[in-house]
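Here's the structure we're looking at; comments come further down.
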Amino acid sequence: MSDPMDMRPEFEGLVAVVTGAASGIGLATALELARRGATVAAADLNTTGVPEPLHAYECDVSDGPGVTRTVERIARELGGIDVLVNNAGIGAQGTVADNDDQEWLRVLDVNVVGIARMSAAALPHLRRSRAAAIVNTASIAALVGLPRRAAYSASKGAVLALTRAMAADHVGEGIRVNCVSPGTADTPWVQRLLARTDDPAGELARLSARQPTGRLVTADEVAQAIAYLASPRSGSVTGISLSVDGGMAGFQLPS
Ligand code: NAI
């Protein structure tokens, strides 16, 4: 049990690895964990612009040998791994009639197998930690059927199921595994999507109205949820999905 008089930052002395940490939710999470006292490895395809005090590591979660090399390097250079945030992900638009096999395999490879690769490489280090936690980034798309998101939704549904299975596998080793399920969040990803539409302002209004709060989720709001799940203070929380979606998965307002 934590000591109520302990005033040290909650992640002090812990090393966290965040994937997809150069942008959006990953960057906000890496900064929040650092603010709460963690030493943070920011792993991304491209780490240009990753700010201090984050430690930047170039890593493609779809490259098995590269993942193993990077995880070993992080553990060696930063002194172990206590927290792993599997956040890197890519999108895909369309129905099952629109995506070819190659796109399906690419989305599943990054969004699902990427989590398995990173987690498997980190497990030996997590097993040695006094406060081991994995947090995966799922999505509202895992919980609610959204139009024209077939492959992406399938990948995020798999992230949710994988989270629960991993929680069962590793609870006996003292490793907690949870996920966050964000609604549409105001990140560079969504800005890119909007820029590709004929009517970005109209599309933004439609996406905002879809969430009962009437606005997009912020990256920082998702980061707060990830930090809660990763925290040593959340020792009894494992196998859950925490929605950060402005109420979208939970209820509907009368129209
Ligand atoms: P973003 O596009 O702003 O950031 C994603 C980061 O992941 C980028 O820096 C990118 O370089 C990195 N990345 C992509 N593929 C990679 C790979 N193979 N290896 C390593 N890094 C890789 O996106 P955002 O919005 O911050 O999304 C982060 C996560 O949140 C994703 O898993 C996404 O599916 C999920 N999410 C996002 C929502 C949104 O509305 N923005 C809603 C629900 C979930």
Side-chain angles (χ1 to χ4, degrees), residues 16-35 40-51 54 56-62 84-93 106-107 110-112 114-115 118 135-144 146-149 151-153 155-156 159-160 178-197 199-230 241-249:
V17 182
V18 181
T19 68
S23 175
I25 292 168
L27 179 58
T29 300
L31 289 171
E32 180 60 23
L33 294 177
R35 206 172 289 127
V40 181
D44 204 298
L45 282 179
N46 180 348
T47 55
T48 316
V50 166
L54 307 179
Y57 289 86
E58 268 182 27
C59 177
D60 178 351
V61 300
S62 68
L84 171 62
V85 180
N86 286 308
N87 166 79
I90 56 172
Q93 287 178 280
R106 177 77 191 139
V107 170
V110 174
N111 293 5
V112 186
I115 292 180
M118 283 296 301
V135 184
N136 300 323
T137 305
S139 168
I140 180 78
L143 304 166
V144 170
L146 302 177
R148 295 188 40 75
R149 293 289 185 277
Y152 179 71
S153 301
S155 77
K156 292 300 185 176
V159 171
L160 177 57
N178 295 289
C179 66
V180 283
S181 294
T184 307
D186 187 6
T187 68
W189 168 319
V190 169
Q191 295 304 333
R192 285 193 300 274
L193 273 180
L194 291 175
R196 284 205 294 269
T197 64
D199 174 19
E203 182 64 9
L204 174 60
R206 199 184 61 74
L207 289 173
S208 302
R210 201 167 67 168
Q211 294 175 164
T213 45
R215 64 167 175 85
L216 299 190
V217 172
T218 69
D220 186 58
E221 288 167 338
V222 183
Q224 296 302 324
I226 294 174
Y228 163 73
L229 293 171
S241 162
L242 179 52
S243 290
V244 187
D245 62 2
M248 190 174 164

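Values reported hereafter were calculated over all heavy atoms of this structure, with side chains retained and with hydrogens, waters and symmetry mates removed. Sequential numbering from 1 along the given sequence is applied to the chain's residues.
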dist Leu204:CG -> Leu216:CG (nearest 0.5 Å) comes out at 5.5 Å
Does Val222 form a side chain to side chain contact (heavy atoms under 4.5 Å, CB included) with Ile226? I'd like the steps, not just the answer.
CA-CA 6 Å; Val222 183; Ile226 294 174; 4.0 Å; yes
Residue set satisfying side chain to side chain contact (heavy atoms under 4.5 Å, CB included) with Arg206, at least two apart, ordered chain then number -> Glu203
In this structure, OG1 of Thr137 is separated from CD1 of Ile115 (nearest 0.5 Å) by 7.5 Å
Across all chains, not counting sequence neighbours, the side chain to side chain contact (heavy atoms under 4.5 Å, CB included) partners of Ala141 are Ser139, Leu146, Tyr152, Ser153
Between Met118 and Cys59, the two heavy atoms sitting closest are SD-SG, 4.3 Å
Here the gap from Leu207 atom CG to Leu194 atom CG, rounded to the nearest 0.5 Å, amounts to 6.0 Å
For Gly183 and Ile140 the tightest heavy-atom approach is CA-CG2, 3.8 Å
Point to revise | Check against side chain to side chain donor-acceptor pair (under 3.5 Å), Ser243 and Ser181 | key: CA-CA 5 Å; Ser243 290; Ser181 294; 4.9 Å; no
Those residues at least two apart in sequence (or on a different chain) that pass side-chain hydrogen bond (donor to acceptor under 3.5 Å, both in side chains) with Asn86 are Ser119, Asn136
Between Glu58 and the options Val50, Leu45, Thr47, the side-chain contact (heavy atoms from CB on, under 4.5 Å) test singles out Thr47
In terms of heavy-atom contacts, Val135 and Cys179 come closest through CG1-CA, 4.4 Å
- Message: Show, in sequence, the C-alpha distance, side-chain angles and deciding distance for Asp186 and Val217, and conclude whether the side chain to side chain contact (heavy atoms under 4.5 Å, CB included) test is met.
- Response: CA-CA 6 Å; Asp186 187 6; Val217 172; over 6 Å; no
Checking Thr197 against Asp199: is there a side-chain donor and acceptor pair closer than 3.5 Å? no
Validation row: Leu33, Val18 side chains within 4.5 angstrom (heavy atoms): yes
Where the side chain of Thr187 meets the backbone of Trp189, is there a donor-acceptor pair that is under 3.5 Å apart?
yes
(request) Please check if the side chain of Gln211 supplies one atom and the backbone of Thr184 the other of a donor-acceptor pair under 3.5 Å. (result) yes
When you look at Leu31 and Leu54, which way does the side chain to side chain contact (heavy atoms under 4.5 Å, CB included) test go after all the steps?
CA-CA 7 Å; Leu31 289 171; Leu54 307 179; 3.9 Å; yes
Quiz prompt | Distance-only side-chain donor-acceptor flag, Thr218 / Asp220, under 3.5 Å | solution = no
Would Lys156 and Leu143 satisfy side chain to side chain contact (heavy atoms under 4.5 Å, CB included), going step by step from the backbone distance to the final call? CA-CA 9 Å; Lys156 292 300 185 176; Leu143 304 166; over 6 Å; no
Here the pair of heavy atoms bringing Ala151 nearest to Val107 is O-CG1, 4.0 Å
Discussion item. Quick one, Ile25 and Val180 - any side-chain contact, counting heavy atoms below 4.5 Å?
Written reply: no
Smallest heavy-atom separation, Arg149 atom then Ala92 atom, equals CD-O, 3.8 Å
- Item | Check: Asn111 and Ile90 side chains under 4.5 Å, non-hydrogen atoms | yes
Distance col, row Arg196:CZ vs Gln93:CD, nearest 0.5 angstrom, shows 6.0 Å
Between Leu160 and Ser241 the two heavy atoms that sit nearest each other are CD1-CB, 3.6 Å
